[in-house]
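Structure first, then comments.
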Amino acid sequence: MVVITLASCSSNDDPTNLASETAGIYSGYTVASCSYFSNMVASRQDVTISTTELNKINVSYQSDTWGTITISNAELSGTEGNIRISGTGKSVMGHAGNAAKEYDCRMEGTLAGKKLELTFSCPAIMGGLKIEFKQGDIPAEIVVPGTYDGYTEAKSAYFTGMMADDQKIVITNNSDNTYNIGYNSDTWGEFSIEKATVAYSDGIFTIEGDGITKMGMSGNVKEYVCSFEGRIDAEKEDPEFTFSVPAVMGGLSIVFHTGDMPAAE
């Protein structure tokens with residue numbers, strides 16, 4: 001007698017469709033660099049992912065800053081919770097008043113722990129444009145530090161509207177999420193703010209702290225307590241800073257603006 005045993009196939013052998021884990025709209029920010037600039041930030045950026053077939057997706061990025069990028073049938077690999085994404089497509093962009101053109105674009109990225117990060121590379125745009133998309137809010141350390149050039153407008157109990165051109169503020173990042181502010185002016189003296197703190201809300205960083213200023217006239221330099229507050233939009237298009245020195249001239253306030261000083265009327 002011959003006994004025959006039949007084995008059934010298991011449904012566990014069905015392939016996993018990673019595309020179903022990626023579909024959705026992802027909100028975040030971008031940091032872009034090319035031959036002409038580096039680390040240009042754009043806030044309120046969205047990437048849309050839709051599924052096409054097993055382990056393949058379409059990626060759409062539409063931006064007021066960078067135009068439109070479309071990646072069709074991007075390939076997925078890896079495992080759930082740690083998905084790698086790669087593909088090629090087209091970028092449609094115009095700049096400097098020129099009509100929009102279509103360029104080749106490559107995309108690489110990951111979806112790790114439900115957090116999306118993508119890099120779009122467009123070799124023919126501005127000597128090689130790279131746009132990095134990161135899901136979530138912009139970290140302060142990307143936006144806040146830097147050198148700010150502009151002019152100041154001051155007022156006190158004795159005057160208003162005193163202006164000074166060619167002014168510079170330097171903000172540096174400490175290792176503990178605080179910031180140092182330095183402002184040396186031929187007009188107003190030396191200001192030093194240590195460990196200023198930053199908060200973020202709706203695309204605006206607010207920064208504030210206390211410190212010391214050294215100022216005086218005719219060589220009679222004294223040290224005074226001062227405070228600092230400011231606001232920086234994510235794109236750094238219109239930052240504004242204010243130094244306040246209560247013990248000088250009945251209360252001195254120096255407002256710093258970036259850009260060129262307005263011409264006298």
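Please read all numbers here as calculations on a predicted model, not as lab measurements.
No more than 12 heavy atoms of other residues, nucleotides or ligands lie within 6.0 Å of OH in Y36, so this atom counts as exposed by the packing criterion. Counting non-hydrogen atoms of neighbouring residues, nucleotides and ligands closer than 6.0 angstrom, the CZ atom of F37 exceeds 12 such neighbours. At most 12 non-hydrogen atoms from other residues, nucleotides or ligands lie less than 6.0 angstrom from CG of D186.
Shown here are the side chain to side chain donor-acceptor pair (under 3.5 Å) partners of E208, two or more places apart in sequence or in another chain: there are none.
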Side chain to side chain contact (heavy atoms under 4.5 Å, CB included) between I85 and L118, intermediate numbers included: CA-CA 8 Å; I85 308 169; L118 298 173; 4.2 Å; yes
Step-by-step side-chain hydrogen bond (donor to acceptor under 3.5 Å, both in side chains) determination, N73 to T52: CA-CA 7 Å; N73 292 319; T52 58; 3.3 Å; yes
Evaluation steps, salt bridge (charged side-chain N to carboxylate O under 4.0 Å, His left out), between K134 and E117: CA-CA 5 Å; K134 296 180 184 291; E117 295 189 2; 3.6 Å; yes
Side chain to side chain contact (heavy atoms under 4.5 Å, CB included) evaluation trace for D238 with I232: CA-CA 7 Å; D238 190 27; I232 307 171; over 6 Å; no
Steps toward side-chain hydrogen bond (donor to acceptor under 3.5 Å, both in side chains) verdict (S63, Q45): CA-CA 7 Å; S63 169; Q45 304 293 289; 2.7 Å; yes
Stepwise side chain to side chain contact (heavy atoms under 4.5 Å, CB included) check, V47 with L116: CA-CA 9 Å; V47 167; L116 182 68; 4.1 Å; yes
Pair I193-D210, side chain to side chain contact (heavy atoms under 4.5 Å, CB included): steps then yes or no: CA-CA 6 Å; I193 310 294; D210 297 319; 5.9 Å; no
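Taking each heavy atom of A140 and P145 in turn, the nearest pair found is O-CD, 3.6 Å. Of all heavy-atom pairs spanning I71 and T88, the tightest one is CG2-O, 3.5 Å. Nearest heavy atom pair, residue V144 against residue K236, reads O-NZ, 4.3 Å. Of all heavy-atom pairs spanning E223 and I212, the tightest one is CG-CG2, 2.9 Å. When all heavy atoms of M126 and W66 are compared, the pair lying nearest together is CE-CZ3, 4.1 Å. Taking every heavy atom of both residues into account, P239 and D233 meet most closely at N-OD1, 3.6 Å.
Between M215 and V248, some side-chain heavy-atom pair lies under the 4.5 Å cut-off. Side-chain contact between K90 and D104: present, with at least one pair of heavy atoms (C-beta onward) separated by less than 4.5 Å. Contact check for I207 versus T197: no side-chain heavy atoms found under the 4.5 Å cut-off. In this structure the side chain of I125 never reaches within 4.5 angstrom of the side chain of C105, judged on heavy atoms. In this structure the side chain of E235 never reaches within 4.5 angstrom of the side chain of T65, judged on heavy atoms. A 4.5 Å side-chain heavy-atom check between V41 and I142 finds at least one atom pair inside the cut-off. Looking at T187 and T152, their side chains never come closer than 4.5 Å, going by heavy atoms from C-beta outward. The shortest side-chain heavy-atom distance between I169 and F241 falls under the 4.5 Å cut-off.
Aromatic ring pairs are classed by plane angle as parallel below 30°, tilted from 30° to 60° and perpendicular above 60°; the pair F191 and F243 is tilted.
A salt bridge links K195 with D176; the closest basic N to acidic carboxylate O contact falls under 4.0 Å. Contact check on E21 versus K114 returns a salt bridge, with a Lys/Arg side-chain nitrogen under 4.0 Å from an Asp/Glu carboxylate oxygen. The pair D202-R44 meets the salt-bridge criterion, since a charged nitrogen lies less than 4.0 angstrom from a carboxylate oxygen. Taking a cutoff of 4.0 Å between a charged side-chain nitrogen and a carboxylate oxygen, E108 and R106 qualify as a salt bridge. Using a 4.0 Å cut-off between charged nitrogen and carboxylate oxygen, E240 and R231 do not count as a salt-bridge pair.
Judged by distance alone, with hydrogens and angles left aside, the side-chain atoms of T119 form no donor-acceptor pair with the main-chain N or O of E132 at under 3.5 Å. With hydrogens and angles ignored, the 3.5 Å screen pairs no side-chain donor or acceptor of T110 with any backbone N or O of A112. One N or O on the side chain of N55 and one on the backbone of L18 form a donor-acceptor pair closer than 3.5 Å.
The hydrophobic clustering, which links ILVMFWY residues whose side-chain heavy atoms are closer than 4.5 Å, places I204 and I138 apart. Note on M249: it clusters hydrophobically with V245, by side-chain heavy-atom contacts below 4.5 Å among ILVMFWY residues. Cluster membership check: Y200 shares its hydrophobic cluster with I171, using side-chain heavy-atom separations under 4.5 Å among Ile, Leu, Val, Met, Phe, Trp and Tyr. When hydrophobic clusters are built by joining Ile, Leu, Val, Met, Phe, Trp and Tyr residues whose side-chain heavy atoms come closer than 4.5 Å, directly or via intermediates, M40 is grouped together with L129. A continuous path of Ile, Leu, Val, Met, Phe, Trp and Tyr side chains, each step under 4.5 Å between heavy atoms, connects I254 with Y224, placing both in one hydrophobic cluster.
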Could you give the side-chain donor-acceptor pairs of residues 22-32 under 3.5 Å, partners two or more places apart or in another chain?
unit_1: T22; atom_1: OG1; unit_2: A19; atom_2: O; d: 2.9
unit_1: Y26; atom_1: OH; unit_2: T22; atom_2: O; d: 2.6
unit_1: S27; atom_1: OG; unit_2: D46; atom_2: OD1; d: 2.8

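The distance from the OG atom of S253 to the CD atom of E153 is 9.5 Å, given to the nearest 0.5 Å. One distance of note links OG of S244 with CG of L252; it measures 8.0 Å at 0.5 Å rounding. Rounding to the nearest 0.5 Å places CG of N39 at 4.5 Å from OG of S33. Between the CH2 atom in W188 and the OG1 atom in T213 there is a gap of 10.5 Å [rounded to 0.5 Å]. Taken from OG1 in T147 to NZ in K168, the straight-line distance is 6.0 Å, to the nearest 0.5 Å. Rounded to the nearest 0.5 Å, atoms OG (S91) and CE (M107) are 13.0 Å apart.
A donor-acceptor contact closer than 3.5 angstrom links the side chains of Q167 and Y183.
The aromatic ring centres of Y61 and F120 sit less than 6.0 Å apart. Taking the centre of each ring, F256 and Y148 stay at or above the 6.0 Å mark.
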